[in-house]
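Residue numbering restarts at 1 for every chain, and letters A, B, ... go by the order of the sequence lines. Values below: every heavy atom of this structure, side chains too, minus hydrogens, waters and symmetry copies.
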Amino acid sequence: MPELPEVEVVRRGLAAHAVGRTVAGVEVLHPRAVRRHTPGPADFAARLEGRTPTAALRRGKYMWLALDDGSMLLAHLGMSGQMLVQPQGKPDEKHLRVRLPLSDGNELRFVDQRTFGHLMVDVPGERADVPASVDHIALDPLDAEFVPEAFVRALRARDTEVKRALLDQSLISGVGNIYADEALWRSGLHGRRGTRGLTRAQATELLGHVRDVMTEALAVGGTTFDGLYVNVNGESGYFARGLNAYGREDRPCGRCASPIVRESFMNRSSFSCPSCQRPPRRSRTA
DNA sequence: AGTGCTACCTGGAAGC
DNA sequence: TGCTTCCAGGTAGCAC
């Protein structure tokens, strides 16, 4: 499940293996992969063919290739998306959705089992260097322009639950279910705590843990791609190690040994320590 | 305006 | 063994 660190690994791979090559062809094998490109697959292909990426950029979980005509190839990996650079002629992956042969003999492949991810050709939005479709996405905590104090202020001004806020990409981007649970565990906060009840110190500490957990995962994830194979695979690397809460139901908390509990939250699972992360005494909305 | 809920999708795991 | 059901979760769009 790609969150910010995994997407950053892929961005680096694209910077190394796609930038500077010209798109020699476009093959959309599954139309759903370009569903956000509203003019359709044929237009998608026409806008890409002959273009040359000049840079690989990212905000939160979105990444894009800046193209030599000022447009952008925007990609979101969704739940299961992968961007691969493979030699042309190598057998197709089972869930190959889009193929982009490049001028150097390799090809960019978008592989996505669950098809929550997508590609589109976009135009610049409010800022010339960010696609219009990414305008509504907040800066991520690893962005040089991210202002911690502004985030802390915005978080405390929200009237919602703290985990919900962490997952809100218009407040802070790049955080998904896994790193939200990990940052909350490190902070000793239950995800159902209200944002209004957080002190400035608590909010600042939480942000610090978000940054730390992402930075640590990036350091591990960075080892998963080598050579021409640019991989983002949620199962590899960071998944196996370093997680203190996510996916650890019934296993002992690393701080107090209480069994980690799983709760349903926003139609997904939340993992927390019942002792270190006390739930709010009453529902926020009660 | 801001918050919250749900559809979208596939295949491996778990249940019977 | 083979079938059915559950589960994973990021995001847009819509309901309230």
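- In terms of phosphate contacts, A:Lys94 brings no side-chain nitrogen or oxygen within less than 4.0 Å of OP1 or OP2 of B:dT10.
- A:Arg35 comes within 4.0 angstrom of no nucleic acid atom, judged by non-hydrogen atoms across all strands.
- Between the side chains of A:Asn106 and A:His17, no donor-acceptor pair of N or O atoms lies under 3.5 Å.
- B:dT6 atom P lies 15 Å from atom CZ of A:Phe116, rounded to whole Å.
- Taking atom CG of A:Leu171 as the reference point, atom C1' of B:dA1 lies 15 Å away to the nearest angstrom.
- Between the two ends of the helix from B:dG2-C:dC16 to B:dC16-C:dG2, each summarised by a five-pair axis, the helix axis turns through 50° (rounded to 10 degrees).
- For A:His76 and A:Gln113, each mapped to the nucleotide of DNA chain C holding its nearest heavy atom, the one lying further toward the 5' end belongs to A:Gln113.
- Contact between the side-chain N/O atoms of A:Arg164 and the OP1/OP2 oxygens of B:dG2 is not found at any separation under 4.0 Å.
- For the side chain to side chain contact (heavy atoms under 4.5 Å, CB included) criterion with A:Phe271, the lone passing option out of A:Asn177, A:Ile178, A:Asp181 is A:Asp181.
- For C:dG10, the base has no donor-acceptor partner in the side chain of A:Arg114 [N/O atoms by modelled type, under 3.5 angstrom].
- Distance A:Arg262 CZ to B:dA14 P: 11 Å, rounded to the nearest Å.
- Of the candidates B:dG11, C:dT11, B:dC9, C:dT11 carries the atom nearest the A:Gln169 side chain, counting heavy atoms from C-beta on.
- As a whole-Å value, the separation of A:Asn177 CG from C:dG9 P is 5 Å.
- The side chain of A:Arg32 sits closest to B:dC8 out of B:dC8, C:dA8, B:dT10.
- In this structure, the nucleotide among C:dG9, C:dT11, B:dT10 sitting nearest to the side chain of A:His95 is B:dT10.
- Between the NZ atom of A:Lys61 and the P atom of C:dG10 there is a distance of 5 Å, given to the nearest Å.
- Taking the charged nitrogens against the carboxylate oxygens, A:Arg211 and A:Glu182 have no contact shorter than 4.0 Å, which rules out a salt bridge.
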Inset, instruction - Output, in order, the C-alpha distance, side-chain angles, deciding distance and verdict of side-chain contact (heavy atoms from CB on, under 4.5 Å) for A:Phe110 and A:Arg99. - result: CA-CA 7 Å; A:Phe110 180 64; A:Arg99 182 203 320 278; over 6 Å; no
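- For the pair A:Ile178 CD1 and C:dG10 P, the computed distance is 7 Å after rounding to whole Å.
- A:Thr52 and A:Thr22 share a side-chain donor-acceptor pair at under 3.5 Å.
- Comparing A:Met266 and A:Arg97, the nucleotide of DNA chain B nearest to each residue sits closer to the 5' end for A:Met266.
- Regarding contacts with the backbone of B:dC8, every side-chain N or O of A:Thr115 stays at 4.0 angstrom or more from both OP1 and OP2.
- To the nearest angstrom, C1' of C:dT11 lies 13 Å from CG of A:Leu77.
- Look at A:Ser80 and you won't find any side-chain N or O under 4.0 angstrom from OP1 or OP2 of B:dC9.
- Contact check on A:Asp140 versus A:Arg58 returns a salt bridge, with a Lys/Arg side-chain nitrogen under 4.0 Å from an Asp/Glu carboxylate oxygen.
- Under 4.0 Å is where a charged nitrogen must lie from a carboxylate oxygen, and between A:Arg47 and A:Asp69 no such pair does.
- Atom-to-atom, CG of A:Asp112 to P of B:dC9 comes out at 12 Å; the value is rounded to the nearest Å.
- Using a 4.0 Å heavy-atom cutoff across all strands shown, A:Asn267 reaches at least one base atom of the nucleic acid.
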Sort me out a list of protein N/O and nucleotides 12-16 of chain C N/O pairs below 3.5 Å, or just none if empty.
unit_1: C:dA12; atom_1: OP1; unit_2: A:Tyr62; atom_2: OH; d: 2.7
unit_1: C:dA12; atom_1: OP1; unit_2: A:His136; atom_2: NE2; d: 3.4
unit_1: C:dA12; atom_1: OP2; unit_2: A:His136; atom_2: NE2; d: 3.3
unit_1: C:dA12; atom_1: O3'; unit_2: A:Arg36; atom_2: NH1; d: 3.3

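- A donor-acceptor contact closer than 3.5 angstrom links the side chains of A:Glu93 and A:Gln86.
- Rounding to the nearest 0.5 angstrom, the gap separating the CG atom in A:Leu73 from the CE atom in A:Met120 is 10.0 Å.
- Side-chain contact annotation: A:Ser133 with A:Asp122, donor-acceptor N/O pair under 3.5 Å present.
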